[in-house]
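Right, one structure below, let's go through it.
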Amino acid sequence: MSDSEQGLGAQTSDWPKALFYTALVFSIFQIITAAFHPVSTQVLRATHVGFLLLVVFLSYPALGKSRPWQPLAWVLGLAGMATAAYQWIFEADLIQRSGELTDSDMVIGIILIVLVFEAARRVMGIALPIICSIFLAYGLFGQYLPGDLMHRGYGVDQIINQLAFGTEGLYGTPTYVSATYIFLFILFGAFLEQAGMIKLFTDFAMGLFGHKLGGPAKVAVVSSAMMGTITGSGVANVVTTGQFTIPLMKRFGYRAAFAGGVESTSSMGSQIMPPIMGAVAFIMAETINVPFIEIAKAALLPALLYFSSVFWMVHLEAKRANLCGLPKDQCPNPWTAVKERWYLLIPLFILIYLLFSGRTPLFSGMVGLALTSIVILGSAIILKLPSNAMRIAFWIALGVLCAGFFQLGIAVVFGVIAILVAICWFIKGGKDTLLICLQALVDGARHAVPVGIACALVGVIIGIVSLTGIASTFASYILAIGQDNLFLSLVLTMLTCMVLGMGIPSIPNYIITSSIAAPALLDLGVPLIVSHMFVFYFGIMADLTPPVALACFAAAPIAKESGLKISLWAIRIAIAGFVIPFMAVYDPALMLQSDSWLAIGFVAIKATVGIGIWGVIFTGYLLQNLYWWERVLGFVAGASLILATPLSDEIGFGLALVFIVQHSLRARRLKRHNEQSE
């Protein structure tokens, strides 16, 4: 997201009217198509990309940070919409002559590919377009390469047909998921943010942990984990909760780099935090054709371990530096915060229930979004009612009307919303609530742009990979190594994810590595969900890893510290994120891929002890500062618990016990000695 005061980076209230209304129409189009399915999925994908291109060219300049030159912006933006109109108007003809392109098809296809590349460059920088250009060049000229990399050769028309028409290129699965699930969930998060959900989460976390040892940093961890339930975007999470938590941590004595590292690590964890998780989870569910709930279940235990580990690191650092929390009287009452805004939790709980009861993400997201808007509009009206009895009756009436949705369809909910909008229009203060809803619709479109453009552009990679079969060549290299050493294959896959992640967000990173590396892990015997979660995790960790570390550089201006220093702290704090994927490969019970609760319980305990001890050695403190040999002992104990070789668990638990007992005795002796010397 641009940090400038122009384009999408500016407040939506400061946008030019044309951009504001374009974004508004974009959101309305997405809601109508999600609710009523008036067009085919091909037209939906094409129109989604058309709107993305229009919004990008109206808001991002070719160079610099000033407002784009409007005549050219409109030409490029409307050219993008024209490619969508072409798919819509000539849909039947395109299906009938599938694979046989006319001259006009070629022109539209080339325009679409060029515009998507340019839009991605403006939004995300040059890294992802370069990677996609390499794949495009491979599709065009790969027949001239030596050895296994050579393919049979494809004409320009075949490449354009693959990328610009059909569902294996720019309009592939990622674009479909962006146009359906992702957009709805981003809108859902935008509505909750506008309604004050961020304040509810931060006040609740402040009330529970603000006065504890290291309270401000614990607030950052907890509020970011809670924010992850509605946003699922790491960098956006840094920018929202970080504005509050990073200065608070610094004020209470945490080093700027540590404060930025805590916020970055916690925020990136939001993408692995069920129930909503990040956009990647929806793409993964669609890619491997499993219900979304299976992805959420697999992520649950690792997410809890990840946040527990970050919380533990924060606690140890606070103990080491003796950093106290806020005075209790300066912390809000957590239950008062819930009491004031409890109604915002209703859509979230219903959304979670629907997702976990087996409903599709599209259905669940639509219901969650509709309920959120009803709650926002209804709460504005209810304040005008004179008695509690009338307020209760109003909520019950709304509930009964909404229940009709399950019998009579989505039109009932739209009818309820229309009635509430009409009432808000006429009551005092109601227009402010309607403005909040408008801002949320526009904000949703704003947040969807970087995700959608990334999803469209990585279609180039998916299209070329499926056309040429390069994935099987890459997989065969990893398999050749993995036949002798699975660990080495995992490290190679991890490094691939990390290198790719240096310049691109986690969504395209996952799509690239899952199409190339995940099949190799599957062939090595790693379960399907675990192999995809492995590449997903390291795509996220890449946002914390030097030299690029997107999340850390987003935190840098808030912390007033260099992104590199924040990144070095972040990878220490996020040690669990690097360990858990390896543990899950060797013991899939960690991702609930087991029928035995005993096996799941054992691996959870093992992971907790191993990660806990590594947290101690990376902080260098438990009850006292560690000696160098204690760090070595702790490292070996943690590594033994993470490995899955014969006797490694027994050795790990034994060394962990020795580590804890001797350190406790040493700390007690030192404390007694200090007391006597006083």
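One finds a salt bridge joining E317 and R255 here, because a Lys/Arg side-chain nitrogen approaches an Asp/Glu carboxylate oxygen to under 4.0 Å.
To the nearest 0.5 angstrom, I575 atom CD1 is 5.5 Å from W614 atom CH2. Considering CZ of F582 and OH of Y586, their distance stands at 7.5 Å, rounded to 0.5 Å. Atoms CD1 and NZ, from I246 and K560 in turn, are 10.0 Å apart once rounded to the nearest 0.5 Å.
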Quick one, I566 with S264, criterion side-chain contact (heavy atoms from CB on, under 4.5 Å). Give me CA distance, side-chain angles, the key distance, then yes/no.
CA-CA 8 Å; I566 292 173; S264 304; 3.9 Å; yes
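Geometric assessment of R572 against the ring of W569 yields a positive cation-pi assignment under the 6.0 Å and 45° thresholds. Both tests do not hold together for R446 against F26: distance to the six-membered ring centre under 6.0 Å, angle to the ring axis within 45°.
Remark: side-chain polar atoms of W312 are not paired, donor with acceptor, to backbone N or O of G615 under 3.5 angstrom. The closest donor-acceptor contact from the side chain of S514 to the backbone of I511 lies under 3.5 Å. Not one N or O on the side chain of S178 forms a donor-acceptor pair closer than 3.5 Å with the backbone of P174. K319 places a side-chain N or O within 3.5 Å of a backbone atom of L622 that can act as its donor or acceptor partner. Judged by distance alone, the side chain of K250 and the main-chain N or O of A559 form a donor-acceptor pair under 3.5 Å. A distance-only check finds no donor-acceptor pair linking the side chain of Y254 to the backbone of P247 [under 3.5 Å]. Judged purely by atom type and a 3.5 angstrom limit, E630 uses its side chain to pair as donor or acceptor with the backbone of Y627. The closest donor-acceptor contact from the side chain of E263 to the backbone of G260 lies at 3.5 Å or more, if one exists at all.
Residue-environment remark: CH2 (W629) exceeds the threshold of 12 foreign heavy atoms within 6.0 Å. Within 6.0 Å of NZ in K212 there are 12 or fewer heavy atoms belonging to other residues, nucleotides or ligands.
Contact annotation: the side chain of V585 approaches that of L490 to within less than 4.5 Å [non-hydrogen atoms, C-beta and beyond]. Counting heavy atoms from C-beta outward, M533 and Y537 have side chains that approach closer than 4.5 Å. Contact of the F57 side chain with the E118 side chain is registered, since non-hydrogen atoms from C-beta on lie closer than 4.5 Å.
Note: Y510 and F536 have perpendicular aromatic rings, judged against thresholds of 30 and 60 degrees for the angle between ring planes.
Two rings, from F538 and F534, have their centers less than 6.0 Å apart.
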